[in-house]
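Below: the structure, in structure tokens.
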Amino acid sequence: MVRRMRGQPYFAAVRVKDGTVLALPKGHIDPGESAAEAAEREVREETGVTGTLVEKLDDIRYWYFRDGRRVLKVVSFFLFRYKSGSVEDHDEEVDSAEWVPLADGPDMLSYRGEREIARAALNRSNSGR
């Protein structure tokens, strides 16, 4: 979710793990939802804001362990343009939600893959998209 404030683009991010991790909103796809619909819902739930879909940015693939088994996870990220809402209205899944300057995302986000997503959004923002 990106919006212009103070003459520059900001994105909605969430704090998790007792506020120690700054991340992009994400979650599971519910039955009957497309990936873009799930992304829109998760952004609304976790950040309290709604937006208009601009485009898919990319997929991040990573491995993690669950019950002693290695599991591949694929997370799709989409660019949304802010429409309405307040980051104060986030749900209890996250510790907090905040607006972060998009230019700072590649340095501030906790996860490497998400820093790459922020770079992609920044490049699109700088190209006028």
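None of these values were measured; they are calculated from a predicted model. Just so you know, residue 1 is the first one in the sequence shown, and it goes up from there.
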Spacing of [atom1] belonging to [X] relative to [atom2] belonging to [Y], to within rounding of 0.5 Å:
| X | Y | atom1 | atom2 | result |
| --- | --- | --- | --- | --- |
| M1 | K83 | CE | NZ | 8.5 Å |
| L109 | L22 | CG | CG | 5.0 Å |
| K73 | Y62 | NZ | OH | 4.0 Å |
| L53 | F80 | CG | CZ | 5.0 Å |
| H90 | D95 | NE2 | CG | 8.0 Å |
| I29 | S34 | CD1 | OG | 7.5 Å |

Heavy-atom closest pair, residues [X] and [Y]:
| X | Y | value |
| --- | --- | --- |
| V2 | P9 | CG1-CB, 3.9 Å |
| P101 | Y10 | N-CD2, 3.4 Å |
| S86 | V49 | N-CG1, 3.7 Å |
| P25 | A12 | CD-O, 3.7 Å |

Query raised in the report: Does the pair W63 and V71 meet the rule for a side chain to side chain contact (heavy atoms under 4.5 Å, CB included), with working shown?
Result: CA-CA 5 Å; W63 293 91; V71 178; 5.6 Å; no
Requested in this report: Identify the residue among L102, D104, T47, L79 that makes a side-chain contact (heavy atoms from CB on, under 4.5 Å) with F11.
Outcome: L102
Going by the rule salt bridge (Lys or Arg N to Asp or Glu O under 4.0 Å), which residues pair with [X] if we only count those two or more places apart in sequence or in a different chain?
| X | result |
| --- | --- |
| R44 | none |
| K56 | D59 |
| E98 | R15 |
| E33 | R41 |

**Report entry** salt bridge (charged side-chain N to carboxylate O under 4.0 Å, His left out) partners of residues 107-118, not counting sequence neighbours, each pair once
**Finding:**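 Salt bridge (charged side-chain N to carboxylate O under 4.0 Å, His left out) check on residues 107-118 returns K26-E114, E116-R119.
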Query - Shared hydrophobic cluster, M108 / L24 (ILVMFWY, side-chain heavy atoms < 4.5 Å) - result: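 Yes, M108 and L24 fall within the same hydrophobic cluster.
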Report task. Spell out, yes or no, whether F77 and V54 are grouped together once hydrophobic residues are joined by side-chain heavy atoms under 4.5 Å, including indirect joins. Result -> yes
Report task. Answer yes or no: is there a side-chain heavy-atom contact under 4.5 Å between Y64 and L72? Result ->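 A side-chain contact under 4.5 Å is absent here.
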Query raised in the report: So do I117 and I60 actually touch side chain to side chain, heavy atoms under 4.5 Å?
Result: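 Yes, side chains in contact.
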Is a side-chain N or O of [X] found less than 3.5 angstrom from the main chain of [Y], in a donor-acceptor match?
| X | Y | answer |
| --- | --- | --- |
| E45 | E42 | no |
| D18 | T20 | no |
| D89 | G48 | no |

Report task. Could you tell me which residues satisfy ring pair (Phe, Tyr, Trp, His ring centres under 6.0 Å) with Y82, sequence neighbours excluded, listed by chain and number? Result -> W99
Requested in this report: Apply side chain to side chain contact (heavy atoms under 4.5 Å, CB included) to F78 and V43, showing your working.
Outcome: CA-CA 10 Å; F78 297 84; V43 167; over 6 Å; no
